[in-house]
Structure formats: structure tokens, C-alpha cells
Amino acid sequence: MSTLTVLATLNLVLGGLVFLLGLLILRENPRQRLNRVVSLMLFFGGFGSLISGLGLNAGRGGDTAAQHFAFLWEFFFPSLFLFACIFPRERAFTRPGGGLQKLVPFAPRFEVLVYLPHVVHFGLLFILSSLPKGWENPIKLGVLAPLANLLRVLIQLFFQVHRAFFSLVNLGFGVAAILLLIASYRASRMPRLRNQLRVIGVGLDACLLLYATGELIPTLVALRIGDATRAGLTAAALLVGSGAIAYSIVRYKFLDAKLLARRGILYGAASAAMVGLYLLIVMQLQRILVGFSGIDRRVIEPVFLVFALVVFQPLMGRVEELLDRMFQRDPGDYRNVLRSLGRELMSTLELDALLERSIRTIAEAMLLKRAYVAALPRDGVLLRVGVGRAPDLEEQEGLRHVLKRLPAGDEIVRLDAGDGLSEEDRDFLSGRFGAALLVPLRTRGETVGALLLGEKVTGIQFTSEDVSLLSALAGQMAVSLQNALLVRDRVEVVRIEEELRLARQIQSSFLLSQFPAMSRFQVHALNIPSKEVAGDFYDLVPAGDGSFVLAIADVAGKGVPAALLSSMLQASLRTQAASINSVGEMLRNMNSLVYRGTAVHQFATFFLARIDQHRLGMTFSNAGHNYPIVARVGGEQVLLERGGLLLGITEAAQYEEGTVSLHTGDRVVLYTDGITEATNGGQELFGEERLLDLVRALPRELSAREVAERILEELRRFLGQEEPRDDMTLLVLQVVEQDPAALQGWDAVPMESAATQA
């Protein structure tokens, strides 16, 4: 077998394989522009190899009609340039209305402009190759011969110049394509896309170099090279260029080829390698054996065929397994990346890490322009961006409403179809988020989140394989997301409980647990919050002139907001106690503070009294608080009502002052509405009348502590199994006989009547 025969066969076989690869790519997605361009590129490149093979055969056996189409392979160059213009992203000048059409509205489309020079070029060369034999010889037409020969020479010169010039055009197309691919590689930040560009770019670089060496450069410099060299370079160029595309399809899922197509390429290459190995080894052994033994070839061939089946079939299986492990199970393959992500998410309980990891991985693996993941906790929506702009609060809230309206039966929703979505919702998702695909994340019929995926960078549509993988991943993500939300809620509850516990400790430190020693008074207080922190407070502040200020307050609401306002009021009280004598003025100042510094719905009741421990006189003012009870020794009860409006209702509120004299044995009972409005299982209020009767019935010999504990004991008996629904605060002030041994002044000496918090 001669070298020319081998090269001719190699070119024909490679041309056919490249044609098949182009057909496979076109078959994958014929509506996709990128697939069509790559297929054209391969078709024209394969045609060049076929023409080369046919040319070698024609050189031995005469002319062939195929030579008329020998220059069709040059359409490979505009196809290569067009491919570089639209991959991975379509450039602005290639779109309708862009490029030349911006300047000249009636200009043809970009694709037409790219192919137009080669259409004209091919037409001219086809006409030249169709001229009858001998036309280039001198013409004998008598007196017209000089004119005819001049025309013949001009035509020959035109075609020679045209062919040389057009070699430069082809080279320019090729170089421009390579430069565009290099620019795309540098601009890309997605690993899989960079891998595709690197492999394809290197392969096409080598392909262009080999083509230029075999076809373009010899034409430009009028260098004659042998047919064998030209055919070898053509075969090598096709092998490298198409091999790079095939490798990128198999390894890096170029054009998002489906698994079946990728396996077809992979196992087809393995089968071709096995056939070549068979021809190289077995056929040579068969030839040697026939020559050595003289046995008829027809007898030996079946034996070698059986031998090949026995030996090569297991070997083929091992090769396929090896190739599958190398390519199909490649950890960089986006299908394996998504499967690995699903396994990782099952063990991820930290919500932010789950959202960030999942959406970035999906965006990079699938080469997406926009990608978002949304989680739906009870208190709103959590949105993380994989790629794209960050939406504002209004868009996030709108997304939450759209996801809440999703029909329960929908799986993955293509927004161009919009099944189950209103037109308004489709416009919102596609316009604000650039979404092309909506993947609900559901578990046990509840929507816990969603994936919003935009178009692919390459413009390739989502395949059925993509949708299947996303469906499987969505199920795993939904379970992980729900677990993470539950853990987040639990952590948040624990954190809030810890903060409230600390706040309760701080608030308790503000409430006196030990009162100073006083010669004429016993004081005891109880504070029972309905939550960790309370809005009730009481205080006793020395005024510095032998008197003290006594206060009790109830802030509207419960929990932290009420506790913060009560702390503010307590601070204001202690600031004013020593500098302002009038309790009415002190209340006016606090009313202005509440009115200006809080929300409309925040207000407080407040009772404030200044007590002279020497004269046993009390000046008081009541800002809408429950009336304190002054229980006389003889059984008389006085309610301290005089004052004004609640704090925070109006800034112009005025507060009147009242006075009352105290005597030995008198008790002053101050309380909040949590006591009188306590409700038992029968929905009966404890009530003011019950409290008044209880205070009147208590023996006179009881201390302030004992009085407070008796009231609390009766209240608990009344409630039974019911828990208090509001903060409850009780303060008892009892006037006692002068004790000569008692300390004078305000030294903080603990007494038996020290305040406690129940």
C-alpha cells in the first residue's frame, strides 16, 4: 500500500468522521444558532479533507467532478470567525440592528456579510474550473488573436492575483477568530467556560497553523509542495481541530451536549482506536503467517477473527471503563458537580453557607447569566445572588408574594411557557430578575424556597438533562433548606432567650432588692414579669433633704420595648429626684420625654410621691395609674387619685399634686393593673374591690414583707393553674414606731423588709 493511498484513505475517513461529528452536533439542537455554526465549521472542514482525499485519487486516476467544488472548504474560515463572534457570548455587532446596520439600516445581516466574500470567491473559481481544457493556450483568431490573447492573459492574471489575495482574506478570518477567542478566555471568570475556550482555542490554533502551512502559505508565496505533504497537513489539521471540539464536548460539556451524544463520541473514538489496533497488529500477523506457512488466507482469516473477538472484546470493555472514569466521572463535569453539591447540602445546617454555596455552584456549573436562590422563613424572604445584580427590598418582597402564590402541583417552570404563572408574575420574574427558569424548592407540600435561573452565557437553552438534574437537586436542597431554617429558628430562639435572660438580670439590678434603713418606714416590693423582661418598675430614691421619692409605673405593652421605656423613665426619675421638689413638674418632664422620644402607641401610667420621713407627710401625683391604697389603722382607706393623664398622650398635659398625712401603723399599698386584672380559669377578674377587702382584713401586726406575701398568696390561690397574663408589681410601705436604735440617714443597710423579685 503506497503512501498516497494511505493518506488518501486517511483524509477520506477523517473527513467522514468530521462530517458525522457535525451532524451529531446539529442533531443535538438544530434550533440553536451556536450548534448550527459549529456544524457548518465542521462540515466545511470535513469537506476539505474529503476533497484532499479525492484529489489524491484523481491524481492517480484522472480528473473527477469533485474538483469543481475543491474550494468549498474555504468556507471553514468565515464559519470559524462567526463561531468566535458568538461564543461564549454573542457580541453586539453580530446582533440584528448592530454593526453596519446601525449606520446603514438596509444593510444585510452580519452572517450574510461574513459569507459574501467567499460566495463571490467560490463563484469565480467555479467558473474558472469549468472552462474547457486548453483555454489557457494561445488563441488563433487571425486579426483578433492579439486582442483575444490579451484578454486570456488578463483573466489568468486576475485569477492568480485573486487566489493569492484571498489566501490573505482566509488568514485574516482565522487570525481574527483566534484573537476573539483569546479575548473571551481572558474575560471569562467561569472555570468550565474557560476550560472550553482553552481546549477549543488551542485546537483551532493548531488547525489553522496546519491549514496555513499546507494551503495558504504555498499559495501566497507560490511554493509547490507535494500532494502527500499537503494531504498529511490537511489530515493533521482536521484531526487536531475536530478532536479539540470533540474533547471539549466530552470533557467540558461544550454545547451542553447530552450524555448519549457524549458517550457516542467517546465510545466511537474507542472503537476506532480498537479497529486501528486490529488492522495494525492482526493484519500484519496474518500476512506474516501466510507468508511463512503458505496456508490459504481464507483459512486463517476466521481463526484471527475469533481470536480478535476473544481478546479485543474484554479489552474494549476495559478501555470504555477507563474512558468513562476519565471523562464521564470527571469531578469538574457539571453533572457531577451538581450531584456532589446535593450530597454536601444534606450535611449543611448553616443557612447562609447553604444558600451561598448552592447558588454559586449552580451558576458556575451551568454557565448562567443570572442566578438567585430564595429561602422563605416565616418572617420574610432571604435572597442570595450567585451571579447578577442584587435586587432591592421592594423586589425581594414582590418575589416573596410570587413564590407564595405558586400552585402546589408545579415542578420546574419555564417562564417562556409560564405554566401556572400569571402574565404579571412572569413579567416580574423575567424583567426584575432576568429569570428563564423557576425551580420551586418544596418539601412535604410546603414551598420553602426557589431557584431563579437566567439564560446561559452561551445562549444555549436548558436541555431535558439539565431539567432532570435540577429536579433531583431541588428535592435535596428543599430538605436541607427546611432543616437549616429550623436550626436557624432554634438558634434565634436560644439567642433571644439568652439576651432576654441577660436583660432580665440587668433590669433586676435596676429594681431595688435592698432598701436603705429608715427610722419610720418598712418597705417591701414584688415584681413578677409575664415575660423575661417587664414594663413595670418601682423605685425609691433619696432626695437629700431627709425625704425620699417613691414611684411605681406600668408601661404599655410587654417584653423588650416596654422594658426599654421603663428604663428610660427610671433614669429620668433618678436624674430629677434631688433637683426638683415638685412631683407634678417631674411628671410633666417625663411626659414630654415619652411624647417626643417614642412611637405613637407607646405610653405609661406613673404614680410619683415625695415622702418626708420626719413629718410623715406625702405629696403625690398620679399619671393615670391604678390608685394606690392608704390603709389607716382604724380601717379607713384612702385612694390616691389626684394627678393627670397618662404619660405620652399629649405634650401639653398638666399634673396636679395632692397631699396626705401618714401616721404610725398606716400602710400604703401600690400596685399595677397586672394584679387587679389577673383572671382565673373562670374568666373572673381579681378586681380592685377584692384587693381593697384583702388589705382591710390583714392584721395590723404584720410587717411590710408579710403584707406583700399575704397578698401574693391570695392572688395565686385565686389564679389556680392559670399563668399571669401581664406583669405584676406590688410595693408595700408601712409606717412604724420611732426606733431610737435605727440608723439615721440613707446608709444602705439591709433590713428584713428588703424587696424581692418573685
Side-chain angles (χ1 to χ4, degrees), residues 192 253 256 258-259 333-377 381-388 396 399-421 425-426 428-430 433-456 460-488:
R192 185 161 72 95
K253 209 171 183 294
D256 284 356
K258 297 175 185 175
L259 181 60
D333 181 270
Y334 98 103
R335 297 175 303 116
N336 296 324
V337 168
L338 295 185
R339 292 193 186 103
S340 176
L341 173 64
R343 290 192 295 269
E344 289 180 21
L345 294 183
M346 295 302 290
S347 59
T348 303
L349 295 178
E350 207 283 310
L351 183 60
D352 284 334
L354 186 150
L355 296 176
E356 293 281 354
R357 165 80 173 136
S358 60
I359 196 58
R360 291 193 181 277
T361 300
I362 292 171
E364 291 177 2
M366 304 192 76
L367 308 180
L368 302 177
K369 293 180 181 178
R370 298 272 191 96
Y372 303 89
V373 60
L376 294 176
V381 60
L382 293 175
L383 194 68
R384 294 294 180 270
V385 182
V387 59
Q396 294 184 40
L399 175 62
R400 186 176 72 88
H401 290 306
V402 171
L403 297 181
K404 289 293 186 181
R405 291 195 296 266
L406 280 179
D410 284 343
E411 296 298 331
I412 293 181
V413 179
R414 294 181 183 267
L415 293 184
D416 54 356
D419 296 334
L421 289 177
D425 289 346
R426 291 201 307 272
F428 174 78
L429 295 176
S430 58
F433 293 90
L437 211 64
L438 171 63
V439 185
L441 304 178
R442 289 194 178 97
T443 176
R444 298 179 181 176
E446 178 186 1
T447 301
V448 295
L451 294 172
L452 296 173
L453 308 181
E455 295 179 349
K456 296 184 180 182
I460 296 174
Q461 296 177 349
F462 289 96
T463 64
S464 58
E465 186 178 355
D466 294 335
V467 173
S468 298
L469 284 169
L470 288 172
S471 296
L473 180 63
Q476 295 172 319
M477 279 191 65
V479 174
S480 300
L481 185 56
Q482 186 180 53
N483 292 338
L485 287 171
L486 292 174
V487 170
R488 170 182 175 270

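The figures here come from the full heavy-atom set of this structure, side chains too, leaving out hydrogens, waters and symmetry mates.
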Quick one: [atom1] on [X] to [atom2] on [Y], what's the gap to the nearest 0.5 Å?
| X | Y | atom1 | atom2 | answer |
| --- | --- | --- | --- | --- |
| Gln461 | Asp466 | CD | CG | 11.0 Å |
| Leu355 | Met477 | CG | CE | 7.0 Å |
| Asp425 | Leu399 | CG | CG | 10.0 Å |
| Leu415 | Arg426 | CG | CZ | 8.0 Å |
| Glu446 | Leu376 | CD | CG | 8.5 Å |
| Arg370 | Leu437 | CZ | CG | 15.0 Å |

From CA spacing to verdict: side-chain contact (heavy atoms from CB on, under 4.5 Å), Leu429, Leu421: CA-CA 10 Å; Leu429 295 176; Leu421 289 177; 4.1 Å; yes
Going by distance alone, is a donor N or O of one side chain under 3.5 Å from an acceptor N or O of the other, for Thr361 and Arg357? yes
Give a yes-or-no answer on whether the side chains of Ser480 and Asn483 include a donor-acceptor pair shorter than 3.5 Å. no
Take Thr447 and Leu441 through the side-chain contact (heavy atoms from CB on, under 4.5 Å) test and state the conclusion after the steps. CA-CA 6 Å; Thr447 301; Leu441 304 178; over 6 Å; no
Is there a donor-acceptor pair under 3.5 Å between the side chain of Arg488 and the backbone N or O of Pro377? no
What are the two closest non-hydrogen atoms of [X] and [Y], and how far apart are they?
| X | Y | result |
| --- | --- | --- |
| Ala474 | Pro440 | CB-O, 4.0 Å |
| Ala374 | Leu481 | O-CD2, 4.3 Å |
| Phe462 | Gly454 | CZ-O, 3.4 Å |

Can you sort out the partners of [X] under side chain to side chain contact (heavy atoms under 4.5 Å, CB included), two or more places apart, ordered by chain and number?
| X | answer |
| --- | --- |
| Thr443 | Val448, Ala478, Val479, Gln482 |
| Ser471 | Ile412, Val467 |
| Ala371 | Ile359, Ala363, Leu368, Val387, Leu453 |
| Ala484 | Leu351, Leu354 |

Flag the pair Val439 / Leu473 as yes when at least one side-chain heavy-atom distance between them is below 4.5 Å, and no otherwise. no
Test of understanding: with ring pair (Phe, Tyr, Trp, His ring centres under 6.0 Å), list the residues that count as partners of Phe433, not counting sequence neighbours. Tyr372, Phe428
All salt bridge (Lys or Arg N to Asp or Glu O under 4.0 Å) counterparts of Glu364, not counting sequence neighbours: none
With Glu356, which residues qualify under salt bridge (Lys or Arg N to Asp or Glu O under 4.0 Å), at least two apart? Arg360, Arg384
side-chain contact (heavy atoms from CB on, under 4.5 Å) between Met366 and Leu469, worked out: CA-CA 11 Å; Met366 304 192 76; Leu469 284 169; over 6 Å; no
Before giving the answer on side-chain contact (heavy atoms from CB on, under 4.5 Å), spell out for Leu406 and Leu438 the whole-Å C-alpha distance, their side-chain angles and the decisive distance to 0.1 Å. CA-CA 10 Å; Leu406 280 179; Leu438 171 63; 3.7 Å; yes
